[in-house]
Undergrad: 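Pasting in a structure now, in structure tokens, and then I'll have a few things to ask.
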Amino acid sequence: MDAPRPGTLLLTARDITAHYEEDGQILQALDNINLTLEDGEFVALIGPSGCGKSTLLDIVSGLYPQSGGDIIIDGEVLTLSQRLGHAAYMRQRDLLMPWRTALDNACLALEAHGLPKKQARQIARERFPEFGLSGFEDAYPAQLSGGMRQRIAFLRTVLTERRLLLLDEPFGALDALNRVALQTWLLSLWERERQGVVLVTHDVDEAIFLADQVAVLSSRPGHVVHVEHIDLPRPRTRQMVTSEAFLGHRAVLLEGLGLLEVDVVPV
Ligand SMILES: Nc1ncnc2c1ncn2[C@@H]1O[C@H](COP(=O)(O)OP(=O)(O)OP(=O)(O)O)[C@@H](O)[C@H]1O
Ligand SMILES: [Mg+2]
């Protein structure tokens, strides 16, 4: 992968709107989204279910057309088909194929990019230890834990070595302990490669712990209601989650999400 170029704009979403049409009904998913990401920067997107987070990543990756606005990558406005292949994208329901081994699942994206199977397998195999997957190359998904499956899906995504990484709730299906372990592990990988990352999450603490900026989206049609710049030093440590700075960011973000105004019904 090319070296990171800090300070260079990697991605700009400019005035992005999006619609779906179903049974003759038009549904607006996104409303005038503006977002920028520098190379090597980590941005988290949070917002209520259905506000268009996955739609935005589909648009950036070239899988779904916006109905207005521009996606600018490396300084160029790119059409839908030009965007395809620019980003490494781990979709929300990025399931492993049950009939393929861990190794063969990991090399899927490389094969899809035209690499011969033997070479793809060799590249994937070399990365297994670093992903904590040594010895599980020939296991089938059903024989692996949820955390291991997520790491294989993640390995498959990063093997394509793109400067732009789009992650849609990569740890969504995991319990709290596994989630924290994988967050720390993701950070250590990212500290080394320093891609530009857009990560979607429902978890405010995860967003603060990982990101340089957290963008809060409104409910549908999603638009950016707040961008919080996280000023915690790097590398991040778990101890930081109880720091005053962390709690301050959390209060602002929860307020942005409207959660502080939700009445708690006493039980
Ligand atoms: N293929 C589709 N056809 C029709 N409507 C769709 C389609 N995909 C998404 N939508 C609708 O667009 C809106 C935004 O969906 P999207 O999946 O982007 O939300 P999200 O923020 O990722 O939600 P979640 O947090 O639950 O994953 C939702 O109302 C959804 O029902
Ligand atoms: Mg989604």
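Remember, it's a predicted structure, so these values are computed and weren't measured experimentally. Hydrogens, waters and symmetry mates play no part in the numbers below; they use all other heavy atoms, side chains included. We count residues from 1, following the sequence as given. One-based numbering, in listed order, for ligands and for the atoms of each.
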Undergrad: C51: heavy atom below 4.0 Å from ligand 1, yes or no?
TA: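 Per 4.0 Å heavy-atom rule, C51 contacts ligand 1.
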
Undergrad: Quick check: does any side chain N or O of R149 sit under 3.5 Å from a backbone N or O of L144, one acting as donor and the other as acceptor?
TA: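 Pair found, side chain donor or acceptor close to backbone of L144.
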
Undergrad: Would you say the ring centroid of W185 lies under 6.0 angstrom from that of F131?
TA: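 Yes, they do, as the ring centres are separated by less than 6.0 Å.
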
Undergrad: Look at E111 together with R100 and state whether they make a salt bridge at an N to O cut-off of under 4.0 Å.
TA: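 Salt bridge: yes.
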
Undergrad: Would you confirm whether the ring centroid of F209 sits within less than 6.0 angstrom of the ring centroid of F246?
TA: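 F246 vs F209: aromatic centres not under 6.0 Å.
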
Undergrad: Name the one of R179, R250, Q183 that satisfies side-chain contact (heavy atoms from CB on, under 4.5 Å) with D205?
TA: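 Single pass found, and it is R250.
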
Undergrad: If we set the cut-off at 4.0 Å for heavy atoms, which region of L27 has an atom near ligand 1: side chain, backbone, both, or neither?
TA: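 Side chain only.
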
Undergrad: What residue and atom, counting heavy atoms only, is the protein's closest point to atom 1 (N) of ligand 1, and at what distance?
TA: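 The answer is Y20 CE2, 3.8 Å.
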
Undergrad: Using a strict cut-off of less than 4.0 Å between a Lys/Arg side-chain nitrogen and an Asp/Glu carboxylate oxygen, indicate whether R194 and D39 qualify as a salt bridge.
TA: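 Here R194 does not pair with D39 in a salt bridge, since their nearest N and O are not under 4.0 Å apart.
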
Undergrad: Under the criterion salt bridge (Lys or Arg N to Asp or Glu O under 4.0 Å), I'd like the reasoning laid out for R163 against D74: C-alpha separation, chi angles, the key distance, then a yes or no.
TA: CA-CA 10 Å; R163 292 252 25 102; D74 275 333; over 6 Å; no

Undergrad: Around atom 29 (O) of ligand 1, find the nearest protein heavy atom and jot down its residue, atom name and distance.
TA: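 The closest one turns out to be R220 NH1, 3.0 Å.
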
Undergrad: Is G50 close to ligand 1, meaning an N/O of one under 3.5 Å from an N/O of the other?
TA: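 Indeed, backbone or side chain, G50 has an N or O that close.
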
Undergrad: Show which atoms of ligand 1 fall inside a sub-4.0 Å distance from at least one heavy-atom site of Q92.
TA: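 Result: 27 (O).
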
Undergrad: Closest approach of V214 and A207, non-hydrogen atoms and distance?
TA: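 Distance-wise, the nearest heavy atoms are CG2-O, 3.8 Å.
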
Undergrad: Based purely on interatomic distance, does A29 place a nitrogen or oxygen under 3.5 Å from a nitrogen or oxygen of ligand 1?
TA: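 Looking only at distances, the answer is no, because the N/O contact criterion of under 3.5 Å is not met.
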
Undergrad: Quick one: which ligand 1 atoms are inside 4.0 Å of a heavy atom on G52?
TA: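 Going through ligand 1 atom by atom, the ones under 4.0 Å from G52 are 14 (C), 16 (P), 18 (O), 19 (O), 20 (P), 21 (O).
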
Undergrad: Check each atom of ligand 1 against the heavy atoms of H202 and keep those under 4.0 Å away; list them by number with element.
TA: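 Contacts of ligand 1 toward H202, numbered from 1: 25 (O).
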
Undergrad: How far is atom 26 (O) of ligand 1 from its nearest protein heavy atom, and which residue and atom name does that atom have?
TA: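 In this structure, atom 26 (O) of ligand 1 has S49 OG, 2.5 Å as its nearest protein heavy atom.
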
Undergrad: How many degrees, to 10°, between S54 OG and Q92 OE1 as seen from the Mg ion (ligand 2)?
TA: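 Rounding to the nearest 10 degrees gives 80°.
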
Undergrad: Of all the atoms in ligand 1, which lie at a distance below 4.0 Å from a heavy atom belonging to T55?
TA: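 Counting atoms of ligand 1 from 1, those under 4.0 Å from T55 are 14 (C), 15 (O), 16 (P), 18 (O).
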
Undergrad: Classify the ring geometry of W190 against F42: parallel below 30°, tilted from 30° to 60°, perpendicular beyond 60°.
TA: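 Plane angle over 60°, so perpendicular.
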
Undergrad: Any protein heavy atom sitting closer than 4.0 Å to atom 20 (P) of ligand 1?
TA: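 Given the 4.0 Å limit, the answer for atom 20 (P) of ligand 1 is yes, a protein heavy atom qualifies.
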
Undergrad: Flag atom 7 (C) of ligand 1 as yes if some protein heavy-atom distance to it falls below 4.0 Å, otherwise no.
TA: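 It does: a protein heavy atom is found less than 4.0 Å away from atom 7 (C) of ligand 1.
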
Undergrad: Whether D58 and R91 form a salt bridge (side-chain N of Lys/Arg under 4.0 Å from carboxylate O of Asp/Glu) is what I want to check.
TA: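 Looking at R91 and D58, the cut-off is met.
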
Undergrad: L167 pairs by side-chain contact (heavy atoms from CB on, under 4.5 Å) with which of V198, L57, L199?
TA: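 Result for side-chain contact (heavy atoms from CB on, under 4.5 Å) with L167: L199.
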
Undergrad: Measure the distance from atom 25 (O) of ligand 1 to every protein heavy atom, then report the residue, atom name and distance (to 0.1 Å) of the closest one.
TA: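 Atom 25 (O) of ligand 1 sits closest to the protein heavy atom K53 NZ, 2.7 Å.
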
Undergrad: Which is it for E21 and ligand 1 at heavy atoms under 4.0 Å: side chain, backbone, both or neither?
TA: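 It is neither part, as no heavy atom is under 4.0 Å.
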
Undergrad: If you measure from each non-hydrogen atom of E22 to ligand 1, which part falls under 4.0 Å: side chain, backbone, both or neither?
TA: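 Just the side chain.
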
Undergrad: Starting from atom 17 (O) of ligand 1, locate the nearest protein heavy atom and write down its residue, its atom name and how far away it is, to 0.1 Å.
TA: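 Closest protein heavy atom to atom 17 (O) of ligand 1: S54 CB, 3.8 Å.
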
